[in-house]
Amino acid sequence: MSANGTSDEVPVRGIPNNERINRLKQHFCQEFGCDPLFFVRVPGRVNLIGEHIDYCGYPVLPMALEQDILIAVAILNKPELHVRNVNNKYSNYETEIKSCEDINIKSDPNGKPFWYNYVLCGVKGALEFLNGKITNGLQLCVDGIIPPASGLSSSSALVSAACLALLYAQNVPLSKSEIASLCANCERYIGTQGGGMDQAIAFLAEKNCAQYITWSPLKATPVALPENAAFVVAHSLAEANKAATNDFNRRVIECRLAARIIATCAGAVTDNKIITLSQVQNKLDKTLREMVDLVYEYLPKDLYTKEEICDILNVNEEELEQLYLTPNTKHLTEFKLKQRALHVYEEAIRVEDFRKHCSQTVSNGNGVNGVNGNNVPNVCENGDANEIINVLGKLMSGSHESLKELYECSHDNLDRLVSMSKEINVNSRLTGAGWGGCIIALCPKEKVNKYIDLLIENFYVKHCKIDKGEASSYVFATTPNQGAEIYVNK
Ligand code: ADP
Ligand code: NG1
Ligand code: MG
């Protein structure tokens with residue numbers, strides 16, 4: 001984060017003079033009786049392909065949205081946190097932040113996190129980074145326009161914005177990748193064991209290109225999207241808070257157990273540490289397709305009991321729980337390992353294919369999707385633009401099918417949106433964690449308006465019985481946006 005805006009640090013810009021900023025400023029003033037000192041803005045994201053594989057160590061391909069979390073911030077001269085939200089359905093919250101240990105992140109009696117827990121995750125992460133040493137605190141007022149619990153990463157934008165606010169207030173210089181990794185770690189305080197895709201794209205996104213994100217070390221490589229391609233996001237009208245159930249963590253630990261068993265059966269483990277499906281692949285020095293074969297060989301059953309897994313791994317139940325399970329998955333007794341591992345390896349193949357085909361986009365000599373100067377690995381001659389959209393679309397369709405059948409994280413409304421789209425030859429998939437939320441569809445630019453109209457009519461109006469005006473707020477075309485920024489009076 002530097003005022004001179006080196007490309008490695010979160011850019012610091014002047015405060016834009018627009019209606020949203022002015023409204024937020026006004027709200028802040030009413031709440032706290034003073035002006036904010038600076039603003040932080042962190043975007044949501046849509047993942048084009050590579051779902052539920054970041055936490056297995058595989059690359060993903062998201063882009064940032066225009067929709068974001070914007071927070072107005074002032075500094076307090078005591079170590080306290082005062083949090084407000086422009087939306088009055090989100091309650092006020094105040095606490096001391098003298099030390100990390102003070103920050104106790106507890107959910108409501110039904111196990112659903114309070115909204116401000118996401119703010120606390122970010123603040124706790126920043127405090128840990130600062131070794132718990134601060135003498136002042138923060139007043140925050142949040143204005144979020146990312147549809148929440150919808151797979152567009154509102155949670156990570158909120159966590160990341162809170163973390164960024166505290167670090168900037170404390171004058172901490174951090175690179176975009178450092179803060180992205182910090183935020184990926186601290187969002188886990190909410191209870192889910194996510195991979196890091198959301199925080200990575202939140203900070204490393206660039207306008208006009210998607211990013212191919214790789215791990216250890218974290219790196220984002222810009223990917224040019226076909227010039228004639230449009231991406232449309234459509235909400236299923238079902239929300240799913242990922243930290244309120246154990247659906248998400250169940251998938252994470254099923255992948256862990258699958259990885260552990262493959263490694264054990266192949267004679268490739270020497271200790272009890274958690275190993276990811278990609279680490280197993282590296283250890284065995286196999287291709288992704290060979291890993292698919294190994295899944296069938298070493299994980300032939302549709303269902304594994306806890307006892308069976310203990311036998312294979314030669315541990316008792318207590319050790320299994322302690323080594324590999326999370327607090328909210330300890331009580332589970334049956335696990336689907338073959339299906340989850342197959343999804344992960346095959347989805348990782350689809351990501352590589354998707355990226356390869358993006359790099360074959362037709363060049364018109366002017367660059368692709370306005371990415372001139374963005375150092376995008378380009379572009380081979382004479383590709384057939386619509387054919388490429390077709391191939392990319394098929395990969396997205398394959399991803400959805402796999403998420404529905406093997407990963408079991410779809411929802412009837414998502415499946416309905418995907419099949420309605422297919423009826424007019426538009427390929428799509430659920431995006432984000434699933435169990436509700438949004439689809440992302442790929443269609444030729446000239447077809448976008450017709451496609452959106454069709455979804456409004458057939459899905460929102462006819463099937464969900466909402467009126468046309470409201471319906472149009474649930475479906476929108478989007479292009480890649482930039483990552484997090486700080487606004488300050490210059
Ligand atoms: P997502 O797919 O959007 O990341 P999550 O289940 O991970 O979904 O997180 C959604 C939760 O984040 C919401 O239930 C809410 O607690 C919090 N959240 C998101 N946006 C806002 C906002 N603008 N204001 C307050 N809380 C928000
Ligand atoms: P969403 O749907 O945005 O909460 C989650 C994870 C990602 C990734 C996707 C599935 C977090 C913070 N985010 O995203 O890391 O695993 O699901 O691809 O846990
Ligand atoms: Mg989330």
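Every number for a ligand or one of its atoms is a count from 1 in the order of the listing. Scope of the values below: all heavy atoms of this structure, side chains included, with no hydrogens, waters or symmetry mates. Quick caveat: nothing in here was measured; it's all calculated off a predicted structure.
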Using a 3.5 Å cut-off on N or O atoms only, is [X] in polar contact with ligand 1?
X      : result
Lys112 : no
Lys242 : yes
Glu187 : no

Can you tell me how far apart [atom1] ([X]) and [atom2] ([Y]) are? Round to the nearest 0.5 Å.
X      : Y      : atom1 : atom2 : value
Arg45  : Ile213 : CZ    : CD1   : 10.5 Å
Asn185 : Cys121 : CG    : SG    : 11.5 Å
Asp54  : Ile201 : CG    : CD1   : 12.0 Å
Leu417 : His400 : CG    : NE2   : 9.0 Å
Leu325 : Ile253 : CG    : CD1   : 5.0 Å
Asn47  : Ser399 : CG    : OG    : 8.0 Å

Taking only non-hydrogen atoms of [X], do any sit less than 4.0 angstrom from ligand 2?
X      : value
Ser150 : no
Arg188 : no
Gln199 : yes

Is it the case that the side chain of [X] and the backbone of [Y] share a donor-acceptor pair, with hydrogens and angles ignored and the cut-off at 3.5 Å?
X      : Y      : answer
Ser160 : Ala157 : no
Thr192 : Gly194 : no
Arg251 : Glu408 : yes
Asn117 : Pro113 : no
Lys306 : Lys330 : yes
His27  : Arg23  : no
Glu128 : Gly125 : no
Tyr345 : Leu277 : yes

For [X], atoms of ligand 1 separated by under 4.0 Å from a heavy atom:
X      : answer
Trp115 : 16 (O), 25 (C), 26 (N)
Gly151 : 2 (O)
Ser154 : 1 (P), 3 (O), 4 (O), 10 (C), 12 (O), 19 (C), 20 (N)
Leu158 : 18 (N), 26 (N), 27 (C)
Gly144 : 23 (N)

Check for me whether [X] has a heavy atom closer than 4.0 Å to any atom of ligand 1.
X      : result
Ser150 : yes
Ala149 : yes
Ala243 : no
Ala433 : no

Which bit of [X] gets closer than 4.0 Å to ligand 1, counting heavy atoms only: side chain, backbone, both or neither?
X      : answer
Thr192 : neither
Asn85  : side chain
Tyr118 : side chain
Ala240 : backbone
Ser153 : backbone

Quiz item: Who's closest to atom 5 (C) of ligand 2 heavy-atom-wise, of Trp435, Phe248, Tyr118, Tyr55?
Solution: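 The nearest heavy atom belongs to Phe248.
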Quiz item: Evaluating non-hydrogen atoms only, which member of Leu430, Thr431, Asp54, Ile190 is closest to atom 16 (O) of ligand 2?
Solution: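 Among Leu430, Thr431, Asp54, Ile190, the closest heavy atom to atom 16 (O) of ligand 2 comes from Asp54.
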If I apply the N/O under 3.5 Å rule, does [X] come out as touching ligand 2?
X      : result
Ser155 : no
Glu51  : yes
Gly432 : no
Asn47  : no

Exercise. Compare every heavy atom of Tyr118 with every heavy atom of Ser155, then report the nearest pair and how far apart it is.
Key: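 It is CB-CE2, 3.5 Å.
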By number and element, which atoms of ligand 2 are closer than 4.0 Å to a non-hydrogen atom of [X]?
X      : value
Met197 : 8 (C), 9 (C), 18 (O)
Gly196 : 15 (O)
Glu187 : 12 (C)
Gly151 : 2 (O)
Lys242 : 1 (P), 2 (O), 4 (O)
Gly195 : 15 (O)

Practice problem: Give a yes/no verdict on a cation-pi contact between Arg256 and Tyr324, requiring under 6.0 Å between NZ or CZ and the six-membered ring centre and an angle within 45° of the axis. | Solution: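 The answer is no, since Arg256 fails at least one limit relative to Tyr324.
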Quiz prompt | Ring-face cation contact, Tyr189 with Lys124, 6.0 Å cut, 45° max | solution =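 So Lys124 does make the cation-pi contact.
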Quiz item: So, His52 versus Phe248, ring centres under 6.0 angstrom or not?
Solution: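 Yes, they do, as the ring centres are separated by less than 6.0 Å.
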Quiz item: Is the Phe38-Tyr168 ring centre distance short of 6.0 angstrom?
Solution: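 So the answer is yes for these two rings.
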Quiz prompt | Protein contact to atom 4 (O) of ligand 1 [nearest heavy atom, distance to 0.1 Å] | solution =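 Among all protein heavy atoms, the one nearest atom 4 (O) of ligand 1 is Ser155 OG, 2.9 Å.
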Practice problem: Please state whether the separation between the Mg ion (ligand 3) and some N/O/S atom of Ser154 is under 2.8 Å? | Solution: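 For Ser154, the answer is no, given that no N, O or S atom comes within less than 2.8 Å of the Mg ion (ligand 3).
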